[in-house]
Amino acid sequence: MGDDSRFAIPVLDENNDVFWKGKKSREMYNEIDLDIIDINSEPPTEEPFRQYYFMAKCREWVLEFERKNGRRPLAFTQTFGCQMNARDSEKLLGILEQIGFQEAEDEKAELVIYNTCTVRENANLRVYGRLGYLNTLKKKNPNMLIVLCGCMMQEPDVVDKIKKSYRFVDIIFGTHNIFQLAELTFKRLEEKRMTVEVWEGTERIVEELPTERKFSFKSGVNIMFGCNNFCSYCIVPYVRGRERSRRPEDILKEIEKLVKDGVVEIMLLGQNVNSYGKSLEPPVSFASLLKQVAHVEGLERIRFMTSHPKDLSEDLIEVMKSSEKICRHLHLPLQSGSTRILKAMNRKYTKEQYLELVYKIRRAIPDISLTTDIIVGFPGETEEDFQETLQVVREVQFDSAFTFIYSKRTGTAAASMENQVPEKVVKDRFDRLLFEVQQISAQVCGRDVNTCQKVLVESLDDHGEGMVTGRLSNNILVHFPGEPALIGKIVNVYLEESKGFYYIGRQV
Ligand code: 5AD
Ligand code: SF4
């Protein structure tokens, strides 16, 4: 047992701050003091304290490794898929950092995590493709732990296949178990066999875990998890579970902390942010959350993703219009321009309603940039349906569109639909759509040329010595001559030349 001043189970005080008797530790996300945890006692049952305990346990293993090898063990995380996964990976890295791992550049590491995506078949194939490579690395480094997590692991068939054919994988966990990385790693180290933990769903949201941000000046912030929409092609509601919203006070607390830490831009993340807060007690609308977030002092830019057109409210348009901080960009997935296909997709809006919404947004915020997602080759899609999609694309003039070939996902309603479209037809439509989208994009993206705009500088420009790259409020990239010291700062840039998808400018 540890000495008397150490208490194994921390408690929450009235402000929800974590403290251990004998030593108080406020606002801990990234400054968890693992030294004050008694690792010889039983693990706490409450979260996040249970995870802090297992972080301390794993750290013993890390220290032992360091003693033997003269260096800290390395950890590598590869993220597949969307912004949600990217944010989850930051949480995973945050936990690993607390434990004492050093971040690696590639898979030659003691712990390798693949945070997987399963939204389209291709994503799954890429993961299987890379597993063979991991196996060869593991043969050279017996200390190596291979971890698979994320959306693909929520599919029972996938887990069965890995258990059977990829025995060298060490840990598997699902989207609801991200917060348990330390606990599962410890279990694997103790039991020395494959550890699998995949919850089908959950009500819980574990707050106050450490995160390791990829960028010092911008960050994603989850506002909700899961999706209730069940678009008929989409596997997300099955792998991410039902909608759960975080409490506004938790979100604001996280953002305030990020701002204190140097963040100037945040991206509010949810599968369908427009239905944020419906299940909270009392309910809170997304528009009202945005208003509160916009009040955070020191925060300069707010983005959000993704908006479902079916419940984008007038209030939201009003808030966007009235706040300078909210970026002039809206990602509004269309999926199809045919009302008949939209109905089969269970999207709950018609082509006309989508267009009406676009006009309303453009009337209120004329300089907004609109981007979208479009699927071609949904079961039953005819040439006429496809022509309607092209027509909407021409009418809306999207700044850019992510175009996808329909991918059949087992378990979704569309997977059992008849009249799947032949591959050759789909490919041809896809090429035609891409051509159209790119033509339009090249025309509309240049509309701000010869104006002065605010740019958040994000990185050095790979293509030009002495150049930096930043983003306009409407998300378009700008390259201009500048010092590395500008990274993370918002500066005024005159847009001298439009190159279609980006600008060349000069700082003024
Ligand atoms: N096939 C093709 N594209 C899909 N998407 C989601 N599910 C599928 C699927 N089964 C696309 C949608 C969504 C984006 C994130 O991925 O366009 O908006
Ligand atoms: Fe999938 Fe539709 Fe939910 Fe988006 S809104 S995650 S497309 S089910």
Side-chain angles (χ1 to χ4, degrees), residues 79-88 116-126 150-152 154-155 175 201 220 222-245 267 269-276 278-279 286 304-312 330-338 341-349 354 357 370-381 385-386 389 392-393 398 400-417 420-421 423 426-427 429-430 433-434 437:
T79 312
F80 300 82
C82 67
Q83 304 267 0
M84 287 281 194
N85 264 16
R87 185 65 182 152
D88 282 349
T116 64
C117 169
T118 187
V119 79
R120 287 169 292 274
E121 177 82 32
N122 265 352
N124 291 38
L125 298 177
R126 277 176 65 200
C151 294
M152 213 175 134
Q154 292 293 137
E155 294 185 90
T175 55
N222 296 108
I223 62 165
M224 59 196 299
F225 303 92
C227 180
N228 286 354
N229 289 309
F230 289 95
C231 300
S232 63
Y233 52 81
C234 187
I235 198 145
V236 168
Y238 303 91
V239 295
R240 288 261 168 193
R242 293 295 66 71
E243 238 168 61
R244 304 170 305 285
S245 295
M267 163 90 83
L269 296 170
Q271 301 295 349
N272 174 16
V273 292
N274 295 327
S275 64
Y276 168 79
K278 284 187 180 153
S279 56
F286 179 55
F304 53 88
M305 214 167 197
T306 290
S307 279
H308 194 308
K310 81 176 160 63
D311 38 25
L312 193 146
L330 192 62
H331 185 69
L332 198 62
L334 166 69
Q335 312 298 5
S336 168
S338 152
I341 294 295
L342 286 169
K343 191 161 193 324
M345 286 177 161
N346 193 30
R347 290 290 288 177
K348 302 200 169 73
Y349 53 86
Y354 185 92
L357 181 61
L370 290 176
T371 58
T372 201
D373 292 342
I374 300 170
I375 299 175
V376 289
F378 184 82
E381 183 189 73
D385 293 317
F386 176 66
T389 299
V392 176
V393 165
F398 293 108
S400 72
F402 297 98
T403 51
F404 304 108
I405 286 182
Y406 167 72
S407 170
K408 187 171 169 174
R409 307 313 289 127
T410 311
T412 62
S416 52
M417 285 179 189
Q420 306 270 333
V421 185
E423 209 180 307
V426 180
K427 185 75 184 60
R429 284 182 197 160
F430 181 81
L433 176 65
L434 195 61
V437 159

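Worth saying up front: this structure is predicted, and the values here are computed from it rather than measured. For this chain, numbers begin at 1 and follow the sequence in order. Counting starts at 1 for both ligands and their atoms, following the listed order.
For atom 1 (Fe) of ligand 2, the nearest non-hydrogen atom of the protein is Cys234 SG, 2.3 Å. When only non-hydrogen protein atoms are considered, atom 15 (C) of ligand 1 lies nearest to Asp373 OD2, 3.8 Å. Of all protein heavy atoms, the one closest to atom 3 (Fe) of ligand 2 is Cys227 SG, 2.2 Å. For atom 5 (S) of ligand 2, the closest non-hydrogen atom on the protein side is Asn229 ND2, 3.4 Å. Of the protein's non-hydrogen atoms, the one nearest atom 9 (C) of ligand 1 is Ser407 O, 3.6 Å. At the shortest separation from atom 11 (C) of ligand 1 among protein heavy atoms lies Arg120 NH1, 3.3 Å.
Near Tyr406, the atoms of ligand 1 lying under 4.0 angstrom from a non-hydrogen atom of the residue are 1 (N), 2 (C). Heavy-atom contacts of Ile375 reach the following atoms of ligand 1: 3 (N), 4 (C), 5 (N), 12 (C), 17 (O) (cutoff under 4.0 Å). Atoms of ligand 2 found under 4.0 Å from any heavy atom of Phe230, numbered from 1 in the order shown, are 8 (S).
Rounded to the nearest 0.5 angstrom, Leu330 CG and Leu312 CG are separated by 6.0 Å. Between atom SG of residue Cys117 and atom CG of residue Asn122 there is a gap of 10.0 Å, rounded to the nearest 0.5 Å.
Both the backbone and the side chain of Val119 come within contact range of ligand 1, each with a heavy atom under 4.0 Å. Here Pro237 has side-chain heavy atoms under 4.0 Å from ligand 2, and that is the only part of it that gets that close. When heavy-atom distances to ligand 1 are checked against a 4.0 Å cut-off, Tyr233 comes that close through both its backbone and its side chain. In Val236, the part holding a heavy atom less than 4.0 Å from any atom of ligand 2 is the side chain. Heavy atoms of Tyr233 found under 4.0 angstrom from ligand 2 belong exclusively to the side chain.
Crowding of Arg126 atom CZ: a count of heavy atoms from other residues, nucleotides or ligands under 6.0 Å not exceeding 12. Applying the 6.0 Å contact sphere to CZ of Phe230 captures more than 12 heavy atoms from other residues, nucleotides or ligands.
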Exercise. Can Thr306 and Gln271 be said to form a side chain to side chain contact (heavy atoms under 4.5 Å, CB included), step by step?
Worked result: CA-CA 6 Å; Thr306 290; Gln271 301 295 349; 6.0 Å; no
For this session: Apply the test side chain to side chain contact (heavy atoms under 4.5 Å, CB included) to residues Glu121 and Ser407: give CA-CA distance (whole Å), side-chain angles for both, the deciding distance (0.1 Å), then the verdict.
Result: CA-CA 6 Å; Glu121 177 82 32; Ser407 170; 3.5 Å; yes
For this session: Just do the side chain to side chain contact (heavy atoms under 4.5 Å, CB included) check on Phe378 and Ser232 with the steps written out, would you?
Result: CA-CA 10 Å; Phe378 184 82; Ser232 63; 3.3 Å; yes
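For atom 2 (Fe) of ligand 2, the N/O/S atoms of Cys231 include one lying under 2.8 Å.
For the residue pair Asp311 and Asn274, the shortest heavy atom distance occurs at O-CB, 3.2 Å.
By the 4.0 Å heavy-atom criterion, Ile405 is counted among the residues contacting ligand 1. Contact analysis puts Arg347 in contact with ligand 2, with a non-hydrogen atom separation below 4.0 angstrom.
Checked options Thr410, Thr116, Thr118; the residue passing with Glu155 is Thr118 (criterion: side-chain hydrogen bond (donor to acceptor under 3.5 Å, both in side chains)).
Aromatic ring pairs are classed by plane angle as parallel below 30°, tilted from 30° to 60° and perpendicular above 60°; the pair Phe402 and His331 is perpendicular.
If you check each of His308, Met84, Gln271, Lys310 against atom 4 (Fe) of ligand 2, the one with the closest non-hydrogen atom is Gln271.
For the pair Arg409 and ligand 1, the shortest N or O to N or O distance does not fall below 3.5 Å. For ligand 1, the polar-atom distance check against Gln335 finds a nitrogen or oxygen pair separated by under 3.5 Å.
Looking at Glu381 and Arg429, a side-chain N of the basic residue comes within less than 4.0 Å of a carboxylate O on the acidic one, giving a salt bridge.
Taking the six-membered ring for Trp and the full ring otherwise, the centers of Phe404 and Phe430 sit at least 6.0 Å from each other.
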